[in-house]
Student: 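Got a structure for you, written out below as C-alpha cells; questions coming shortly.
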Amino acid sequence: MQDEKKLIVFPTTSSNQRSEYDRFADGHGGGQISFLMCCSRFIGLLIFILLPACETVIEIDPPEYDPELSIASNFTPDSIWSAIITRTVPVGSLSDTPSPLVSNASVSVYQGESLIDRLIYNSDRGEYVSSQGLKPRANIPYRMVVEAPGFRSVSATSMAPFPPDIADVAVMRLSNTPNVFGEIDYQVNFRLPNRPGLNYYSFFILVQYPEEGPTGLPYGPDYVYMDYDSRRWYCNFADVLNPVEVAVADDLGCAIGVLSDRIVDEPTLDFEIRFGLYEELTGSLQEGLLLVFLALSPEFVEYQASIEEQEDFDGFGQPANLYTNIEGGRGIFAGYSGAYRILDIPKFGDE
Amino acid sequence: MSKISIAMVIIGCGLCLPVAFGQDGTITVSGTVTDSETGELVVGAALYVAAQDVGGTTNQYGYYSLTLVGDSVRMVVSHVAYTPQILTYSSQEDLVLDISLVPSTLALGELEVTATAESSLQTTQMSAISIPVKDVENLPSILGETDVLRIIQLLPGVQSGVEGSTGLYVRGGGPDQNLYLLDGTQVYNPSHLFGFLGTFNSDAIKDVRLLKGGFPARYGGRLSSVIDLTMKEGNMKRFAGTGSIGFLASRLTLEGPIKRDRASFLISARRSYADLLIRPFLPGDEDFGYYFSDLNVKTNVVLNPKNRIYLSGYWGADRLHSRYEYSLGDEDRESLSWSNLTATARWNHIFGARLFSNVLVGYTNYALLVQGKYRYTSDNVANIWEDRYESGIQDLHARVDLEFIPSSNHSLRFGVGAQQHSFLTGAYEEIYRVGNAITDSTASPNRRTNGSEFQVYIEDDWRLSSKIRLNLGVHVSSFLIEGRTYFSVEPRVSALWNLNSRTSVKASFAYMQQYIHLLATTSGLSLPTDLWVPATAKVQPQRSLQVAGGVVRTLFDGMFELSVEGYYKKMNNLIEYEEGADYFDTVFGGTWEDRVEAGRGLAYGGEIFFQKKSGRTTGWVGYTLSWSRRKFDKINNGRWFPYRYDRRHDASVVVSHEINSRLDISATWVYGTGQAVTLPVGYMVSAPHLWDSINSWGSRLSEYDIQSSRNGARLPAYHRLDIGLRMHRTMRRVRRTLSVGAYNSYSRRNAISIITERDEDGDLIFKKFSILPILPSISYQLSF
C-alpha cells in the first residue's frame, strides 16, 4: 500500500457520465455547456473567420504496417474459457479483408508450463471456446498462446482476482417525493474488505425496464446513474490509474464506478451510493435492481482506460493506441471476477 | 572530472587574467554612436582601428569603449544601415567621442566596406544574426503586416511551426525555449491572431538580434535561443510619424523630442478591424468578432553625458467574443482573450571610460481569460450558468549589468539579476444560478504558484592574439519553488580563430538551464491556451548542452558572407503530455503535473547561411540539414521518436532589390520537409469498453484505429513563395509608400494537418487540411 496523501478527483466527462446540467438542459434544447465547449466553438470560429479553409484529398503512404494477431478475451470464473481471435488490417486494405475473424488459429491456455485447455472455433459465435467446458479459477495466472498461419505467434498472461466480498448491502429510500427531475432518491450502502496489495474494482447498478422493446422483450438491462458525490471512487478507468488531486463538490453522475485501494488504509471500504429512479418506474419494476461488483486485473483496467483515452481524443493531444498485454500482437487477455446482489426497491413507508 | 568541471576551471583561469595583464600606456576611447537624423542610439555599430587590429561594437545602448595604444588613431565606424565614417584623432588621454552616423539612403555598393567592421569574422559570438528592421520592412509581409518573427523564421536553424504561424523552433528546441526580450523584459506569448502574427510592431522596433547557440554568460533561462528586441527611443531631433492602413490592421507611430537632444518619446499603436467590418452584416441578435491591438510607448531622458534613463512599455491583447440573444432575454456570451503587458525602467550610467552600467527593473504579465455566460428562462425564472478559466504568468524582475574594459585585450561583463514569478496554471470556476440564488458552483483548487529566480554571471571577451579570441563565462542561477531549491552552474565558452583576413573558424559550448516549461497542445496550433508552468518539486528544470562549430568567410571584398555551422544539442527534463492526455485534462482532471511525462531530446545538424549584405540587391540563401528527436519512458513504448518539427531539409531564399529610389521588389521562397505526425496505419477489433459490453445495446467487439509510432509519418513537403513590391514617393516631406504583395503566391496547398475520413468501403482516406492559399495584400503608409 503506498503511503500517499488521500487524493480526490474532479473527473472528466465521458459517455459514462452526465451532469445535472445535462439532465436539466435536456428539456431546453441545450446540452452540456462548458469551458470545453466554449473553447471548441472558438477554435471552430477561428478557422471559419480567419482562414479560407481548404481540404484536399491527398495520397499519403502510411508507414509500413504488417497485419498482426489480436486476442479479445476477458475471462472470469463465471464463464468457460473463450477468446475472439482477429487479424489487424492495414489502412488501404479493408476491402481486401472480408472479415477480420481468424478461424484457423491454435488457441491454447496454460497454467504455468502445463497446457490445460485448447480452445476450438465456434463458427456460430465467431469465437474460440473451451473444448472441455472449463472455467478459469480465481487467483491463478494463466497464459494464452495463439498461433495462426501467416502470423507471428502471440501470447499473454493474466489472472482473475478473487471475487469481491461485498457485505452489508442495504437500500434505503431517501425521499417520498420526486426531485426536480421527477426521480425518487435512493441510497445503497455496502462494505468491501480491504485486501492486501493493490486491487482494482468496478461497480454498477442495472435495472430491467418493464416496457417492451421492438423484439417484444423488455428493454434492458440499463445502467442506473449514480450520483458522483464520493471521493472514494471515480467515473473513469483512466482516473483510477492517474489519481489526481482536485476539486470540490460537483454535480456529476455516472453509471460505472471504478476504484482502487491504492490510497485506502482502513480495513474496510464503506460505500454510500445515491441514485434516482423515476417514480413511475419504481412501482412496476419486476426484478428489482442488480448491484454488480467486479474485481479487476490490472490489465483489465489499463485496457479500459486506454479505450477511454482513445474515445476522448479531441485532436489536441496525441492519438494513443489501445493498451495491450499481448506479446507480439494486439488486444487484451485480462481476468476479472464478479459479485452480484439483487436490490429490492423500498416502497414508500418501508423505511 | 566532468566536462563541465573542466570547462569551469578553464573559465576560472581566463576570468582572472584581465586583472593580471592590464596594459599601461594606453588610452581609452569611449562614447555613443547615434543616428544623425533621429538621434537614436545605434546598436551593433562596428568600430575598427586597422593599424592596431583593435575593434569593438556598440552595445544595446549604443555605447562603446576601445582601449588603444598611441596618440594618433584612424578609426572606421560602420553599420549596415549607415554610411561608414572614418575618424582620425589625436589624444594622449582618455577620450570621450560621441559619433553620429548618416543613414545610407543609397546603395552601399560603391562604398569601401573591406575590413572596416568588426564583422562576424572578428567576434567570438557565433550562431548570432542581427536583423536591421529596415530589412524586415523591405521583405514581403502577410496581409500587409510586417513581422520580425516571420523574418526570423527564414534564417537557417530556425524552423517555423504550422503553416502561417510565427512560432520559432530553434535547433530542435521547443517554442518555450526561446527567450523573447523586449527592452530587456521578457514577453511570454509573442503572438497575435492565434500565432499567425507576431506581437512586435515593427514601427516601434529598432533592432532585433537572434542567438541560437554560443550563448554568452549574460543570457540564461532558456535552452534554445534569445530573441533580443530593442525598441526605438524616439526621435531626438524632430517630430516624426508613420501611419499605415492595411488589409488586416492599421498602425500609427508618433515620436519626437520632448527636449531636443535631451529627451524624446515614442508612441506606437496598432489595431485590427475585422470585427468592425463584419458587425454591420450580423443579425441584430448576434455579435461575434475578433480583434487584436497593441501599444508601445517609450521615453528616454539624457540626464547628463553619464546618465540616461529609459522608460518603456508594451501592451498587446487579442479578444475573440460572441453573443447570441434569444427571446425572453436569454443569451449566450463567450469570450476568449489573452494579453501581454511589459513595463521596463532602465538607467545607464557611465562610471568612466572603461566602465558602463545598466540597471533594469521590469514587469511582465501574460494572461489568458476564457469566460462564458449562458442565460435561459424556465418557468419565468432566469437560469444562469457562468464559467471562467484563467491562466497566466507574472514576473517582477531586476538586474544590474556592468561592462568593464580593462585593456584592449579584455572586455568584461558581469551582473546580477532576480525574478519573482507568479504562475497561474489554470484556474477554473463555474457558477449556476437559478434566479438570484447560487444553486451550484465548482472551482478548481488554488493553482497560483510563486517562484524566485536569481542569476549572477561574469564573462570575458579575451583577445589572446591578433588571430585568436575567447569568450569565457559562467552563468550561475537558482530557482526557489514549493520549498525546493534548484541550483545551476552553467559554463559558456566561445572561441574564434582568424585564419586570414577573410576566414574565421569558431566553436562554442553552452550549458543552459530553464526553470519554466510550456505545456502546449500537439496539434501544432499555437494556441493561447498553452500553459506556462514552472519547474516544481515534481517536475525538474529543463537542461541542455550545446556544442557548435563553424567557419565564416567573406567573399568579393566583403559584399558576401558565407557561414557554415554544425551543432549538437542534448536536452533533458523536457515535458510532454502523457499518452492520451491533453490540455483539457489539466482543466478538468487535476493538476498538470500528474498528466505529463519527462524525457530527453537530441538535436544535431548543419546550417549554411550565404548573405549578400550590400548593394542594390541584398538577401540570403539559408539551408539547414537537421535531426531532432525525443525520448520519453512512457511515450512510444520508450523508444526515440522524431520531434514534431524534425525537418530534415529546410531552405530559404530571400531577395530584396532596389530598382530605384521609388521602387523596390522582394521575394522569399521557403522549402521544408513535411512535419512529422502520428497517423493511423491500420484497424483492429477488440473487446469493447465495459460500458458498451454490458448494457442492452452492448456488443462483443468494437473497432479501433492502430496508430503509427509517435510522429512516424510525414506531411507532404512545405514550400511557398511570397512576393512584394513597394512604391515610394515623397511630397512636401511626406514619404508615401504603397505596398502590394502576395503571401503564398502560387497558392501551394500546404498541409496544416491531416484529417482522416472513411470511404464507401469503410477504409480510411487522408485529407490534407490547408488553410492559407494565396493571400494578396495591399497597404499604404505615410511617414514624415
Side-chain angles (χ1 to χ4, degrees), chain A residues 9-10 12 15-16 28 33-36 38-39 42 46 49 51-58 60 62-63 65 70 72 74 84 86 88-92 94-95 100 202 219-223 242 244-248 250-251 256 304 307 309-310 315-322 330-332, chain B residues 194 290 320 334 336 370 372 374 376 385 387 389 428 440 442-445 521-523 577 579-585 587-591 594 678-687 689-691 695-696 701 704 706-708 712-713 749 761-771 773:
Chain A
V9 65
F10 176 39
T12 55
S15 56
N16 182 30
H28 298 270
I33 301 173
S34 67
F35 168 73
L36 182 76
C38 174
C39 270
F42 274 129
L46 164 76
I49 294 173
L51 311 163
C54 310
E55 283 182 22
T56 312
V57 180
I58 56 160
I60 286 189
Y65 173 67
S70 176
N74 287 327
I84 300 176
T86 57
T88 61
V89 181
V91 165
L94 200 59
S95 56
S202 176
Y219 273 130
D222 202 356
Y223 295 101
N242 297 296
V244 287
E245 185 178 0
V246 174
V248 290
D250 57 71
D251 56 359
I256 297 177
Q304 298 288 325
I307 293 175
E309 286 171 354
Q310 193 168 92
F316 286 90
Q318 281 280 347
N321 273 316
L322 285 193
R330 294 188 184 269
I332 184 66
Chain B
F194 294 86
Y290 163 82
L320 181 63
E334 292 158 348
L336 165 62
V370 183
Y374 316 96
Y376 63 94
W385 176 288
D387 61 358
Y389 172 81
Y428 180 71
D440 199 0
T442 300
S444 58
T521 67
T522 50
S523 65
Y577 284 116
E579 292 272 10
D582 65 28
Y583 166 74
F584 294 108
D585 291 325
V587 178
F588 297 106
T591 63
D594 298 305
T678 308
L679 287 180
V681 292
Y683 323 96
M684 61 180 287
V685 288
S686 191
H689 192 272
L690 185 61
W691 162 266
N695 60 22
S696 55
L701 292 173
Y704 306 96
I706 299 171
Q707 305 293 335
S708 68
R749 297 292 177 84
D761 295 326
D763 220 340
L764 280 176
I765 53 173
F766 298 105
K767 280 192 169 182
K768 176 171 70 172
F769 188 67
S770 62
I771 54 170

Student: Of all the heavy-atom pairs spanning A/Ser70 and B/Met684, show the shortest one and how long it is.
Tutor: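 So the minimum-distance heavy-atom pair works out to OG-CE, 3.7 Å.
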
Student: How close do B/Gly682 and A/Val91 get, counting heavy atoms only, and between which atoms?
Tutor: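 Scanning both residues, the minimum pair turns out to be N-CG2, 3.5 Å.
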
Student: Work out which heavy atom in A/Ala72 is nearest to a heavy atom in B/Ala687; give both atom names and the distance.
Tutor: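 Closest pair (atom of A/Ala72, atom of B/Ala687, distance): CB-N, 3.7 Å.
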
Student: What part of A/Gln310 gets within 4.5 angstrom of chain B, counting heavy atoms only: side chain, backbone, both, or neither?
Tutor: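 Side chain of A/Gln310 only, per the 4.5 Å heavy-atom cut-off to chain B.
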
Student: Against chain B, work out which of A/Ile84, A/Ile332, A/Leu94 has the most heavy-atom pairs shorter than 4.5 Å and name it.
Tutor: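 So the answer, after comparing A/Ile84, A/Ile332, A/Leu94, is A/Leu94.
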
Student: At a heavy-atom separation under 4.5 Å, does A/Pro90 approach chain B through its side chain, its backbone, both, or neither?
Tutor: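 For A/Pro90, backbone and side chain are both near chain B.
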
Student: Give me the atom names and distance for the closest heavy-atom approach of A/Tyr65 to B/Val681.
Tutor: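 Closest pair (atom of A/Tyr65, atom of B/Val681, distance): CD2-O, 3.7 Å.
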
Student: To the nearest 0.5 Å, how far apart are OH in A/Tyr223 and CG in B/Leu690?
Tutor: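 So the gap between those two atoms works out to 5.0 Å.
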
Student: What is the minimum heavy-atom distance between B/His689 and A/Ile307, and which atoms define it?
Tutor: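 That would be N-CD1, 3.6 Å.
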
Student: So which heavy atom on B/Gln707 is nearest to which on A/Asn321, and how close?
Tutor: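 It is N-OD1, 2.6 Å.
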
